[in-house]
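Single-structure report; data block below.
Keep in mind that the numbers below use all heavy atoms, side chains included, and drop hydrogens, waters and symmetry copies.
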Amino acid sequence: MRIAIVGCGQLSRMLALAGLPLGIKFSFINDNLQQVTDCVDGLGRVVTLTKNWQEEQNIHKLYNLLGKPDVITVEKEQVDIELLKALQAYCDVLPNIEAISACQHRYREKQLLEKLSIPTSPFAYSLPASEALKVLQLPMVVKSCSDGYDGKNQWVLKTLADIEDFDHLNIEDYIIEAWIKFEREISLVSVRSKNGNIEHYALTENTHKNGILLQSIAPAVDQNNTLALKAQTYMESVLNALDYVGVLAMECFVVDGELMINELAPRVHNSGHWTQAGSITCQFENHIRAVAGLVLGSTESLGTAGMINLIGNEKPPMTSLSALSTLHWYNKSVKPQRKLGHVNFFDKDRVNLVQQMDNFECDLKLNHIR
């Protein structure tokens, strides 16, 4: 079997590394002419999308250049839906196009959650901020409906002057959300197979800064498993409604002890990287298993696991590793605020795990790697 992945970033890299031992071959679509493909170098053929791909003969050529894959999947939600529709004439696209389309646009995503009666933050769609103020209160958060991730294309409006300034920017296609005073940020990563079987990973507690994930610990503190069971119910509702195949991530706020869904990601997710160290089957292998039509692997946790993102680091911190930590370096060019790698941590004891992660961070700062 051959699987082609749209995108050449670190998620494509880790998907391929998890699938190669299964005997699956990979190819990659570079849909961004500015993208460096070092992440997937040597893991399979990379085909760069031409500007005139929409001509029928070029789609046929693209499919052949990719090695005639059996399945097309994605490492990101911001992909060209028309490209996926064209490729669907030659092979399966999983997750399906409807699911990707719903999750790649914040307003469509909000509509999906509201349709399923899943709690999400109050919002207004593409109204001037001055109009949104009639239904929402300050502060408010403006988010681009597309191409908004890691805090990019987002604005926080705290004052009437902020509202006036934003309305003069003439931004198009955005939502304005109520500012949510949450207690914690948690996420659930789950996987659904072609036959509808669903498996959930442990609920994960996340720490962000400026919209970028800094670290994760799983399982999250969850008395009586209350939050996990509720998150799983919401997740199953979304997966089944979309007839979803593959890994889906759901980011949540905990507000007054209840869950509020922040956003969905139709792909493997940064907050699930810990599964490489802390679960019987990692999220990357399970995504490959799902889209390939294989039986899902166990999502059972082996203990307590954590993950720290390496953001803007100039070099891999090899000397800071411990016996129970593993480094994943992406081979990307160094840029400020760019995710260049991550380190996974494992321990049977949560207190020891947190101490491990704290020691790692201290060592990075001491050695001026951070």
Checklist entry - Got a donor-acceptor contact below 3.5 angstrom from the T120 side chain to the I261 backbone? => result yes
Next on the checklist: Which label fits F284 and H273: parallel for a plane angle under 30°, tilted from 30 to 60°, or perpendicular past 60°?
Outcome noted: tilted
Checklist entry - Does the side chain of N224 pick up a donor-acceptor pair with the side chain of T226 at under 3.5 Å? => result no
Next on the checklist: In the structure I gave you, are the side-chain heavy atoms of L227 and R184 within less than 4.5 Å of one another anywhere?
Outcome noted: yes
Checklist entry - After noting the C-alpha distance and the side-chain angles of I59 and W53, does the key distance pass the side chain to side chain contact (heavy atoms under 4.5 Å, CB included) rule? => result CA-CA 6 Å; I59 279 293; W53 64 264; 3.6 Å; yes
Checklist entry - Do side-chain atoms of R2 reach the backbone of F26 as a donor and acceptor pair under 3.5 angstrom? => result yes
Checklist entry - Would you call E177-R106 a salt bridge at under 4.0 Å N-O? => result no
Next on the checklist: Quick test of your reading of the model: are E131 and K134 salt-bridged, counting only N-O distances below 4.0 Å?
Outcome noted: yes
Checklist entry - So, the side chain of D256 versus the backbone of E258: is there a donor-acceptor pair under 3.5 Å, distance only? => result no
Next on the checklist: With a 4.5 Å cut-off on side-chain heavy-atom distances among I, L, V, M, F, W and Y, is there a chain of contacts connecting M14 to L22?
Outcome noted: yes
Item to check | Side-chain H-bond candidate by donor/acceptor type, Q10 with H342, under 3.5 Å | outcome: no
Checklist entry - Just by distance, with hydrogens left out, do K339 and N270 show a side-chain donor and acceptor under 3.5 Å apart? => result yes
Checklist entry - Given the rule in the side chain to side chain contact (heavy atoms under 4.5 Å, CB included) test, do E285 and Q276 qualify, once you have shown the distances and angles that lead to the verdict? => result CA-CA 9 Å; E285 181 177 337; Q276 294 170 308; over 6 Å; no
Checklist entry - Between the side chains of Y125 and D173, does any donor sit under 3.5 Å from an acceptor? => result yes
Checklist entry - Is there side-chain contact between K110 and I175, with heavy atoms separated by less than 4.5 Å? => result yes
Checklist entry - So, the side chain of Y330 versus the backbone of S333: is there a donor-acceptor pair under 3.5 Å, distance only? => result no
Next on the checklist: Under the criterion ring-ring contact (aromatic ring centres under 6.0 Å, His included), I'd like the reasoning laid out for Y174 against F166: C-alpha separation, chi angles, the key distance, then a yes or no.
Outcome noted: CA-CA 12 Å; Y174 57 86; F166 175 78; 5.2 Å; yes
Checklist entry - Hey, are N359 and Q355 close enough side-chain-wise for a donor-acceptor pair under 3.5 Å? => result yes
Checklist entry - Going by atom types only, do D167 and S130 share a side-chain donor-acceptor pair under 3.5 Å? => result yes
Next on the checklist: Under the criterion salt bridge (Lys or Arg N to Asp or Glu O under 4.0 Å), I'd like the reasoning laid out for D41 against R13: C-alpha separation, chi angles, the key distance, then a yes or no.
Outcome noted: CA-CA 9 Å; D41 192 29; R13 171 190 175 85; over 6 Å; no
Next on the checklist: Please determine whether a side-chain nitrogen of the Lys or Arg among E199 and R192 lies less than 4.0 Å from a carboxylate oxygen of the Asp or Glu.
Outcome noted: no
Checklist entry - Hey, does N286 have a side-chain heavy atom less than 4.5 Å from the side chain of T299? => result yes
Checklist entry - Q283 side chain to H269 main-chain N or O, any donor-acceptor pair under 3.5 Å? => result yes
Next on the checklist: Looking at S144, is its backbone amide N or carbonyl O close enough to the side chain of Q154 to form a donor-acceptor pair, meaning the two atoms are under 3.5 Å apart?
Outcome noted: no
Checklist entry - Do the non-hydrogen side-chain atoms of H105 and Q111 ever get within less than 4.5 Å of each other? => result no
Next on the checklist: Are M318 and L364 linked, directly or through intermediate hydrophobic residues, by side-chain heavy-atom contacts shorter than 4.5 Å (ILVMFWY only)?
Outcome noted: yes
Checklist entry - Do the side-chain N and O atoms of S320 and D363 include a donor-acceptor pair separated by under 3.5 angstrom? => result yes
Next on the checklist: If we count only N and O atoms by modelled type, under 3.5 Å, do the side chains of H287 and T73 hold a donor and an acceptor together?
Outcome noted: yes
Item to check | Derivation of the side chain to side chain contact (heavy atoms under 4.5 Å, CB included) call for L49 and N30 | outcome: CA-CA 6 Å; L49 204 62; N30 181 6; over 6 Å; no
Next on the checklist: For the CG atom of L83 and the CD atom of Q88, what is their distance to the nearest 0.5 Å?
Outcome noted: 11.5 Å
Next on the checklist: Return the NZ to CG distance between K115 and L113, rounded to the nearest 0.5 Å.
Outcome noted: 12.0 Å
Checklist entry - Looking just at side-chain N and O atoms, do D243 and N96 make a donor-acceptor pair shorter than 3.5 Å? => result no
Checklist entry - Between the main-chain N or O of I212 and the side-chain N or O of N210, is there a donor-acceptor pair closer than 3.5 Å? => result no
Checklist entry - Does I5 reach the side chain of S12, with side-chain heavy atoms less than 4.5 Å apart? => result yes
Checklist entry - Does the pair D31 and K76 meet the rule for a salt bridge (Lys or Arg N to Asp or Glu O under 4.0 Å), with working shown? => result CA-CA 11 Å; D31 59 341; K76 55 189 177 180; 2.9 Å; yes
Item to check | Flag for S187-N206: side-chain donor and acceptor within less than 3.5 Å | outcome: yes
Checklist entry - Yes or no on salt bridge (Lys or Arg N to Asp or Glu O under 4.0 Å) for K365 and E361, after CA distance, side-chain angles and deciding distance? => result CA-CA 6 Å; K365 293 174 183 176; E361 286 281 16; 5.3 Å; no
Next on the checklist: What I'd like to find out is whether the side chain of L188 reaches to under 4.5 Å of the side chain of Q232, using heavy atoms alone.
Outcome noted: yes
Next on the checklist: With no hydrogens and no angle check, just 3.5 Å: does a side-chain donor-acceptor pair link Q104 and S146?
Outcome noted: no
Checklist entry - Given side chains that start at C-beta, do those of L213 and M307 come closer than 4.5 Å, heavy atoms only? => result yes
Next on the checklist: A side-chain contact here means heavy atoms from C-beta on lying under 4.5 Å apart; do P95 and V245 qualify?
Outcome noted: no
Checklist entry - How many angstroms lie between atom OG1 of T207 and atom CG of L214, to the nearest 0.5 angstrom? => result 7.0 Å
Checklist entry - Yes or no on side chain to side chain contact (heavy atoms under 4.5 Å, CB included) for V189 and V247, after CA distance, side-chain angles and deciding distance? => result CA-CA 7 Å; V189 173; V247 164; 3.6 Å; yes
Item to check | Same cluster (ILVMFWY, side-chain, under 4.5 Å), L229 and L259 | outcome: no
